[in-house]
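Just so it is clear, the structure is predicted and the values come from calculations on it, not from any experiment. Naming: A, B, ... by sequence-line order, numbering from 1 per chain.
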Number of protein chains: 2
Amino acid sequence: MDTAAAPERLRAAGLKVTAPRTAVLETLSSPGHLDAESVYERVRQTLPTTSLQAVYGVLAALAGAGLVRRIEPAGSPALYEGRTGDNHHHLVCTKCHTVADVDCVVGEPPCLEPGDARGFAIHTAEVTFWGLCADCRSEPAA
Amino acid sequence: MDTAAAPERLRAAGLKVTAPRTAVLETLSSPGHLDAESVYERVRQTLPTTSLQAVYGVLAALAGAGLVRRIEPAGSPALYEGRTGDNHHHLVCTKCHTVADVDCVVGEPPCLEPGDARGFAIHTAEVTFWGLCADCRSEPAA
DNA sequence: GAGTTGTCTTGATTCATTCAAGACAACTGC
DNA sequence: GCAGTTGTCTTGAATGAATCAAGACAACTC
């Protein structure tokens, strides 16, 4: 991932370029799913003066601009990921709450057309798969 | 829905029959999606001594027994519904947070087989559609 | 009808997140 | 390059949903 492009991507999205925003965006450029607290910890490694509230504000701004995606699996705090725009879905482990990406099941956005939309103007379909991850399956009963 | 069957359904599920449990189960026998607070308010109409913590405990017990289903749309508190076992999905309004049921898109459990399960042993697929509900669509810009 | 087990009530507490006020820095035009 | 304006960041407090804990109480068993 081209981390050097973070400032440009912020500018392109119409956002002011600040150190916390650049740091958060770069942090989320790596694959994975991080909650606000984890983003905060990582950002502080390179930018120790950053506050947790700043991270929340930045994450909201980035999510609003579509630069990061926010997911909220039941039972977990909100998670953020840098992978956007490809309508992928998520596997969540019911035991350790690990989250993994999974590509669209169908070639098309899956299930994007419910049989009866009940008058809703649908713009997003979100699919979450629940199960045991490989690690938790191999563990006896820890 | 046969509300009189609530005690029997509790017994069949191996749960002790108590007034709060019967009241909560009867409340959720009506169609709809209620958060814990709303269940609490309705239960208190017929059982004024019930505590909110009791409602939380009862909801957890009922959900654990499969008598009610718990959903947590992003941005909303947890919602509970009496409709279980038919793997239906949900439409959530991005404006007013109204939740509507939608039947399975495909005849089969939808998207239950992601192309690459990444080692997960999947047992549930959850689909949430996001959009504007009919009411919010018709409102100008309220 | 007494004993045991588990539920309910009351009260406090946790956690993630948001709100608010003021200090500060990024972009604009000069 | 420099001042002004706008919006962001820092610090601190507050909210809301949900959980934990201890003791009182009620449901099922025998």
**Request:** Check the distance between C/dT9's P and B/Arg21's CZ and give it to me in whole angstrom.
**Result:** 12 Å
**Item:** Residues clustered with A/Leu79, ILVMFWY side-chain links under 4.5 angstrom
**Value:** A/Ile71, A/Val92, A/Val99, A/Trp130
**Request:** Nearest 0.5 Å please: distance from the OG1 atom of B/Thr27 over to the CG atom of B/Leu47.
**Result:** 9.5 Å
**Request:** Taking the side chain as every heavy atom from C-beta outward, state whether A/Glu72 and B/Glu72 have any pair of such atoms under 4.5 Å apart.
**Result:** no
**Message:** I'd like to check A/Leu62 versus A/Leu15 (side-chain heavy atoms, cut-off strictly below 4.5 Å). Are they in contact?
**Reply:** yes
**Prompt:** In the 5'-to-3' direction, what one-character label does each nucleotide of nucleotides 25-30 of chain D receive under the scheme B = base within less than 4.0 Å of a protein heavy atom, S = sugar-phosphate only, - = no such atom?
**Reply:** --BS--
**Request:** Could you point out which residue of B/Leu28, B/Val24, B/Val39 forms a side chain to side chain contact (heavy atoms under 4.5 Å, CB included) with B/Val68?
**Result:** B/Leu28
**Complete:** Double-helix bend of the helix from C/dG1-D/dC30 to C/dC30-D/dG1, axes at both ends from 5 pairs, round to 10°, gives 40°
Are any protein N/O atoms closer than 3.5 Å to N/O atoms in nucleotides 14-17 of chain C? If there are, list each pair with its distance.
from: C/dT17; atom 1: OP1; to: A/Ala78; atom 2: N; distance (Å): 2.8
from: C/dT17; atom 1: OP2; to: A/Tyr56; atom 2: OH; distance (Å): 2.8

**Prompt:** Same cluster or not: are A/Val55 and A/Leu34 linked, directly or through other Ile, Leu, Val, Met, Phe, Trp or Tyr residues, by side-chain heavy atoms under 4.5 angstrom apart?
**Reply:** yes
**Request:** Using modelled atom types only, decide if a donor and an acceptor are shared between the side chain of B/Arg137 and the backbone of A/Gly119 within a distance under 3.5 Å.
**Result:** yes
**Summary of ring pair (Phe, Tyr, Trp, His ring centres under 6.0 Å) pairs that have at least one residue in residues 21-49 of chain B, sequence neighbours excluded** = B/His33-B/His90
**Message:** From CG of A/Leu10 over to P of D/dC9, roughly how many Å is that when rounded to an integer?
**Reply:** 10 Å
**Prompt:** B/Leu62 has an atom CG; how far is it from atom P of C/dT7, in whole Å?
**Reply:** 11 Å
**Message:** Within the 4.5 Å heavy-atom criterion, are A/Asp35 and A/Ser76 side-chain neighbours or not?
**Reply:** no
**Asked** Considering residues at least two apart in sequence or located in another chain, which fulfil the side chain to side chain contact (heavy atoms under 4.5 Å, CB included) criterion with A/Gln53?
**Response** A/Ser51
**Message:** Output the rounded distance in Å from OH (B/Tyr40) to C1' (C/dT9).
**Reply:** 11 Å
